[in-house]
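Notes to accompany the following structure.
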Amino acid sequence: MKIGIGNDHTAVEYKQAIAQHIRDTYGYEVVNYGTDSTESFDYPIAGEAVANAVKNGEVDLGVAICGTGIGISLACNKVHGIRCAVCSEPYSAQLSRRHNNSNILAFGARVVGIEMAKMIVDAWLTAKFEGGRHQRRVDMIMAIEDKQ
Ligand code: RB5
């Protein structure tokens with residue numbers, strides 16, 4: 001399993017802690033698509049990069065982090081095939097996999113403490129898409145892209 005991770009300047013150390021947590025806990029490879037500098041960095045660049053990596057199958061799933069998680073999630077969701085969910089707690093993260101088949105998880109380094117962020121990641125990585133009626137609804141979401 002490969003996880004892509006993207007971030008802006010607000011989340012450099014935070015990204016490193018999340019990447020380490022994923023490696024240590026799951027043994028997954030983590031591929032970095034974000035900045036490693038605290039110089040101002042435009043989050044759409046990292047969002048597009050991690051989203052394209054998920055879309056192209058370079059990685060299986062993605063994690064996207066900016067100050068609030070909002071800007072980078074908006075960028076991710078502009079890439080066809082991406083369902084990026086911004087989560088501030090584990091319940092929504094788990095349900096975003098089970099019901100929405102989210103393929104990128106976003107959160108805000110200025111909003112969510114690092115230990116809570118690890119719990120959010122754990123809830124998301126261990127949940128499975130349930131299919132069934134949820135597949136129909138996800139298909140409806142993705143069909144919106146084709147109408148644009
Ligand atoms: C950067 O200041 C901040 O705007 C960015 O990290 C993010 O929160 C945007 O949504």
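Both counts, for ligands and for their atoms, begin at 1 and track the order of listing.
- The two atoms that bring Phe41 and His9 nearest to each other are N-ND1, 3.0 Å, heavy atoms only.
- Interface atoms of ligand 1 facing Thr10, defined by a heavy-atom separation under 4.0 Å, are 6 (O).
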Could you tabulate the donor-acceptor pairs under 3.5 Å formed by side-chain atoms of residues 58-74, not counting sequence neighbours?
| from | atom 1 | to | atom 2 | distance (Å) |
| --- | --- | --- | --- | --- |
| Glu58 | OE1 | Tyr33 | OH | 2.9 |
| Asp60 | OD2 | Lys2 | N | 2.7 |
| Thr68 | OG1 | Ile70 | N | 3.0 |
| Ser73 | OG | Gly69 | O | 3.1 |
| Ser73 | OG | Ile70 | O | 2.7 |

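- For atom 9 (C) of ligand 1, the closest non-hydrogen atom of the protein is Tyr43 CE2, 3.4 Å.
- Classified by interplanar angle (parallel below 30°, tilted 30° to 60°, perpendicular above 60°), the ring pair Phe107/Tyr14 is tilted.
- At under 3.5 Å, a nitrogen or oxygen of Thr68, whether backbone or side chain, sits near a nitrogen or oxygen of ligand 1.
- Geometrically, ligand 1 and Gly71 share a nitrogen or oxygen pair separated by less than 3.5 Å.
- For atom 7 (C) of ligand 1, the closest non-hydrogen atom of the protein is Cys66 SG, 3.3 Å.
- In terms of protein heavy atoms, atom 2 (O) of ligand 1 is closest to Arg110 NH1, 3.4 Å.
- Set against the non-hydrogen atoms of Asp8, the atoms of ligand 1 under 4.0 Å away are 5 (C), 6 (O).
- Judged purely by distance below 3.5 Å, without hydrogens or angles, the side chains of Ser102 and Asn100 never pair a donor atom with an acceptor atom.
- Side chain of Glu145 to main chain of Gly81: a donor-acceptor pair is present (N/O by atom type, distance under 3.5 Å, no hydrogens or angles).
- The shortest side-chain heavy-atom distance between Glu29 and Ile3 does not fall under the 4.5 Å cut-off.
- Numbered from 1 in the order shown, with element, the atoms of ligand 1 that lie under 4.0 Å from a heavy atom of Gly67 read 5 (C), 6 (O), 7 (C), 8 (O).
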